[in-house]
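In what follows, a single structure is set out as structure tokens and then discussed.
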Number of protein chains: 2
Amino acid sequence: MTQASSSPALAQTDQRLPLHARVKDDLIRRVRANEWGSTTPLPPESALAEAYAISVGTLRRVLAELAADGILERHQGRGTYVRRATFQHSLFRFFRMQGGTGQTPGSRILERNTQNAPAHVAAALNVKEHSAVLHLHRLRLWQDTPFLIENIWLPLPQFQPIAEISLDELGSLLYPEYEKRIGLIIGSATEELSVTQATDGQAVLLNCISGDPLVKINRTARTHTGDVAEYRESHGLASSFRYQVEIN
Amino acid sequence: MTQASSSPALAQTDQRLPLHARVKDDLIRRVRANEWGSTTPLPPESALAEAYAISVGTLRRVLAELAADGILERHQGRGTYVRRATFQHSLFRFFRMQGGTGQTPGSRILERNTQNAPAHVAAALNVKEHSAVLHLHRLRLWQDTPFLIENIWLPLPQFQPIAEISLDELGSLLYPEYEKRIGLIIGSATEELSVTQATDGQAVLLNCISGDPLVKINRTARTHTGDVAEYRESHGLASSFRYQVEIN
DNA sequence: TAGGTCTAGTCCTATAAAGGTTTAATGGTT
DNA sequence: AACCATTAAACCTTTATAGGACTAGACCTA
């Protein structure tokens with residue numbers, strides 16, 4: 001059952017892999033390339049199967065896996081869509097600020113500049129040391145009270161559009177902005193938590209006393225395919241901190 | 001394609017669900033009932049399908065889902081097995097103590113008694129307030145240095161065997177003990193992290209100064225089917241704390 | 001306008017079948 | 001003992017087919 005030649009759509013995939021894996025890889029690539037917005041359905045099963053020159057059964061298996069992986073959403077009778085959104089929520093399970101109404105916190109950009117990546121940032125972003133990166137320094141507020149200091153690094157030139165838009169447009173949520181400006185979708189992230197003490201500068205921003213315990217959150221955010229897209233270091237008041245995790 | 005009557009094995013499952021869902025539910029029940037140890041393979045596809053009176057294709061779909069859920073492990077040519085172990089690892093990603101060798105920390109039981117569940121414990125364990133629970137008070141050590149205080153509550157009479165075994169046997173890892181003594185397998189857990197200050201008692205145990213920042217971890221552990229099996233409150237020195245999370 | 005019915009489009013359930021790959025065990029050969 | 005070929009058992013891949021269920025929109029009716 002080895003196919004001598006296969007659909008041109010699979011030309012760039014690893015020929016040693018079984019068909020379903022190759023189709024999956026290609027679909028992930030196309031999702032990542034933003035071929036379908038979150039409101040445009042993918043082609044129906046029948047059309048996709050025909051395009052890949054595989055049977056509907058095999059294609060259904062791939063789509064089911066992608067749905068299980070959280071990349072696609074399928075709705076009987078309506079169609080198959082790229083999945084977005086839920087992620088933003090899961091990232092904001094911390095800091096007991098979402099009491100009651102699901103409001104998003106405010107934010108104020110303190111600084112935006114272009115830097116040569118320091119060693120630890122370069123390592124996290126998986127780029128060469130001293131290569132150009134965009135740096136955002138941001139303060140997050142809850143009901144006008146600052147609770148979190150963020151330092152965000154983004155690789156250039158990929159994120160150049162973010163360097164050029166007005167600061168007002170860098171509203172509270174960055175990930176939708178990445179998607180709109182660059183067509184880049186954050187698919188997963190790793191966070192590392194530790195506890196530190198407030199420096200003088202942090203104490204001023206957070207309106208606390210120097211030496212107070214802070215929670216430090218290092219986040220590495222990736223696309224669906226695992227490429228690192230953003231590195232972020234956040235510091236927040238430990239006293240107002242709460243973080244919830246599911247383990248499987 | 002509505003089946004008038006189905007395999008007796010599915011008698012206790014919800015008849016409104018599709019076949020594959022009913023078979024999945026039943027297999028989860030049987031895994032939970034410890035029908036197969038982690039070294040005994042499940043019956044082969046062909047035999048299982050025949051026993052449930054369904055086609056091999058449908059059964060394969062169920063087994064694939066269970067494997068994706070991390071409940072089963074399948075090996076071509078060898079068989080299908082209940083999955084264990086990996087979980088213990090994922091639970092111990094915190095506290096930067098596993099440097100190099102993957103040693104498990106030591107532990108010392110400070111106290112074991114039967115209590116009437118306090119309100120917050122009863123709520124977490126999903127039992128009536130003041131009902132009998134087993135309480136373990138444990139100190140965890142890394143190279144003879146205490147780094148974590150644990151308070152563990154288990155519902156009775158389910159966990160009665162744990163109340164009766166010798167304290168020596170409550171070695172460092174509890175979950176294998178649950179499996180061996182009660183046949184109960186922990187499948188998932190929720191943890192909530194926050195930062196507190198050391199009380200006098202905690203300071204003595206952890207060899208720190210009263211008021212030092214501590215990390216507090218509340219863990220609710222569940223079986224594969226979602227029933228709460230254990231509630232645990234841990235306190236550790238914030239200075240030696242590091243926690244890593246994957247978000248999807 | 002409001003509320004039904006119908007229908008095309010889409011995904012879902014279930015079965016069947018042919019052939020392939022991997023593993024473990026067996027028994028022979030060197 | 002070490003190596004190899006064979007074989008049975010187990011899971012994997014792919015295709016094909018028949019029918020069911022759900023959704024959105026078109027159309028009709030009151």
Side-chain angles (χ1 to χ4, degrees), chain A residues 1-7 9-10 13-27 36 38-69 71-83, chain B residues 1-7 9-10 13-27 36 38-69 71-83:
Chain A
M1 204 138 280
T2 37
Q3 63 289 336
S5 74
S6 54
S7 152
L10 294 180
T13 58
D14 190 335
Q15 299 205 343
R16 296 165 303 180
L17 293 173
L19 266 182
H20 64 85
R22 299 175 65 191
V23 172
K24 186 174 180 180
D25 287 349
D26 192 62
L27 281 174
W36 306 284
S38 43
T39 55
T40 322
L42 271 67
E45 293 175 344
S46 50
L48 267 183
E50 193 175 357
Y52 280 113
I54 62 173
S55 75
V56 177
T58 301
L59 183 78
R60 272 187 60 73
R61 170 179 172 170
V62 173
L63 294 180
E65 281 176 22
L66 290 172
D69 292 348
I71 295 178
L72 298 180
E73 245 175 318
R74 311 201 74 197
H75 303 281
Q76 188 171 358
R78 275 203 292 137
T80 303
Y81 296 81
V82 174
R83 188 170 175 213
Chain B
M1 205 139 281
T2 38
Q3 63 289 338
S5 75
S6 52
S7 151
L10 295 179
T13 58
D14 191 333
Q15 300 206 342
R16 296 164 301 180
L17 294 174
L19 264 183
H20 65 83
R22 297 176 65 191
V23 172
K24 186 174 180 181
D25 286 349
D26 192 62
L27 280 175
W36 306 285
S38 42
T39 55
T40 323
L42 271 67
E45 295 175 343
S46 51
L48 266 184
E50 193 175 358
Y52 281 114
I54 62 174
S55 76
V56 177
T58 301
L59 183 78
R60 271 188 60 73
R61 169 177 172 171
V62 172
L63 293 180
E65 282 176 21
L66 290 172
D69 292 348
I71 295 178
L72 297 180
E73 243 174 320
R74 312 201 73 196
H75 303 281
Q76 188 171 356
R78 278 204 288 136
T80 303
Y81 296 81
V82 175
R83 188 171 174 213

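So that the names make sense, note that chain A is the first sequence line, chain B the second, and so on, each numbered from 1. These numbers were taken from a predicted model, which means no experiment stands behind them.
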Measure the distance from [atom1] on [X] to [atom2] on [N] and round it to the nearest whole Å.
| X | N | atom1 | atom2 | answer |
| --- | --- | --- | --- | --- |
| B:E50 | C:dA14 | CD | C1' | 18 Å |
| B:I54 | C:dC12 | CD1 | P | 19 Å |
| A:R16 | D:dC12 | CZ | C1' | 18 Å |
| A:H20 | D:dC11 | NE2 | C1' | 12 Å |
| B:R22 | C:dC12 | CZ | C1' | 17 Å |
| B:L72 | D:dA10 | CG | C1' | 15 Å |
| A:Y81 | D:dC22 | OH | P | 18 Å |
| B:L42 | D:dC11 | CG | C1' | 13 Å |

Nearest-neighbour nucleotide for the B:P44 side chain, C:dT15, D:dC11, C:dC11 considered: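 My answer, after comparing the listed nucleotides, is D:dC11.
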A:H75 or A:T58, whichever maps to the more 5' nucleotide of DNA chain D: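 Here A:T58 is the residue nearer the 5' end.
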Base of C:dT21, side chain of B:Q76 - is there a donor-acceptor contact under 3.5 Å?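 Result: at least one qualifying N/O pair found.
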Taking only Lys NZ, Arg NE, NH1 and NH2, and the carboxylate oxygens of Asp or Glu, determine whether [X] and [Y] approach each other closer than 4.0 Å.
| X | Y | value |
| --- | --- | --- |
| B:R74 | B:E45 | yes |
| A:R83 | A:D69 | no |
| A:E65 | A:R60 | no |

Residue list, salt bridge (charged side-chain N to carboxylate O under 4.0 Å, His left out) with A:D26, at least two apart or on another chain: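 Here the qualifying residues are A:R29.
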So B:L66 and B:T80, do their side chains get closer than 4.5 Å, heavy atoms only?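 Sidechains of B:L66 and B:T80: no contact.
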Identify whether any heavy atom of B:L63 sits under 4.0 Å from a base atom; if not, whether one sits that close to sugar-phosphate; answer base, sugar-phosphate or nothing.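 Touches nothing.
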Would you indicate what A:T80 reaches in the nucleic acid, counting non-hydrogen atoms under 4.0 angstrom: base, sugar-phosphate, or nothing?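 Since only primed, P, OP1 and OP2 atoms lie under 4.0 Å of A:T80, the category is sugar-phosphate.
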Does [X] have a side-chain nitrogen or oxygen under 4.0 Å from the phosphate oxygens OP1 or OP2 of [N]?
| X | N | result |
| --- | --- | --- |
| B:R74 | D:dC12 | yes |
| B:R78 | D:dA9 | no |
| B:R61 | C:dT13 | yes |

